[in-house]
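Read through the structure below, which is laid out as structure tokens, and then see the notes.
Being a predicted model, the structure only gives us computed values, none of them experimental. In listed order, ligands and their atoms are each counted from 1. Numbers here are sequence positions counted from 1.
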Amino acid sequence: MHLTHPDASIYVAGHRGLLGRALVKKLRTHGYRNLLLRTREELDLRCQHSVNSFFESERPEFVILAAARVGGILANDRYPADFLGDNLLIQNHVLDAARKNGVKRLLFLGSTCIYPREAEQPMQETALLSGPLEVTNRWYAVAKITGVVQCQALRRQHGSDFVTVMATNLYGPGDNFDLTSSHVLPALMRKLHEAHTSGQKRISVWGSGSPRREFLYSEDMADACVFVLETPEEHLLHVAPDSMLNVGYGNDLSIRELCDLLQNVMGTDCALDFDRSKPDGTPRKLVDVSRLMKLGWKAPTSLQDGIQKTYAWYKSECP
Ligand code: GDP
């Protein structure tokens, strides 16, 4: 059942993450005033007992599962057991408790990196499970694929209205700027900023610079989530019979082109040293957004504007 009432209780799991904070802001702007929020310290989603108690006492009507262990290409490689195990625990506990407690609709956050490495571009939702995965993030991918399929299984067996939104690479205010665990866009933003302000004027860019990636502003992703929550079930299932919806910007660029755009917006002119000892990962990861467009949603923020806003935030928070 879709979201209509401003007093509906909505549990945003992971509200301090990149997407979670954008979701809280967007839901409030849309007039939703009954948000349930718990920090990791208040509610450890890896603990089944705590998750069950929370759902039994708070009885959320809607859930957005934006809590997950996430990270860039090296973090995935370094902590495989955490990326697989923590994500399985979090999603199993939340999906199970949501089903048992009659949640009206749940949005599960999938990711475009769980599609097969060689999937035809742009990747359609139907590409899931059609081929081998990219090795650098298969731990995360296997966990998330299980979550997508579990949502489908719960719908089929119990009629639970659980929907998966497949997010492309997100960026925005509040992103992780740690150079070992972050994704490429915040990492390069920080490296360029620091090289420019220190006068050193060279940065290391991992890999060859040729992989192509699509980037979506976190507030646009939040907007898409609210849009999907508010879409009646029959409309949604009409365009997405497998209850999966890709969310992307609609076009991609190479890592080298991303460096150029960042430099342009940030006003830096650093030399780029490509470090080929670091992995390239998947060659390309562009999603087909036609399902969401058919429902009437398109990403409003250009990459240039999104970078500008993110850089303004970065300079004010991490000078
Ligand atoms: P992916 O989309 O899962 O591969 O994850 P990332 O966002 O971490 O990496 C995307 C691409 O950017 C890969 O080809 C990386 O090698 C490349 N890259 C270039 N420089 C960096 C960097 O400083 N940090 C990260 N995380 N990736 C980088």
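Checked for salt-bridge contact, Arg38 and Glu58 meet the test: a charged N lies under 4.0 Å from a carboxylate O. Between Arg16 and Glu41 there is a salt bridge, since at least one side-chain N of the basic residue sits less than 4.0 Å from a carboxylate O of the acidic one. Salt bridge Asp252/Arg213: absent, no basic N to carboxylate O contact under 4.0 Å.
For a heavy-atom separation below 4.0 Å, the residues in contact with ligand 1 are Gly72, Ile73, Asn137, Asn169, Ser182, His183, Val184, Ala187, Leu188, Lys191, Val205, Trp206, Pro211, Arg213, Ile255, Pro279, Asp280, Lys285.
Ring geometry for Tyr217 versus Tyr171: interplanar angle of 30 to 60°, hence tilted.
The hydrophobic cluster analysis finds Val135 isolated: no Ile, Leu, Val, Met, Phe, Trp or Tyr side chain comes under 4.5 Å of it, directly or through other members.
Remark: Lys26 is not positioned above the aromatic ring of Phe227, lacking an NZ or CZ atom under 6.0 angstrom from the ring centre and at most 45 degrees off the axis.
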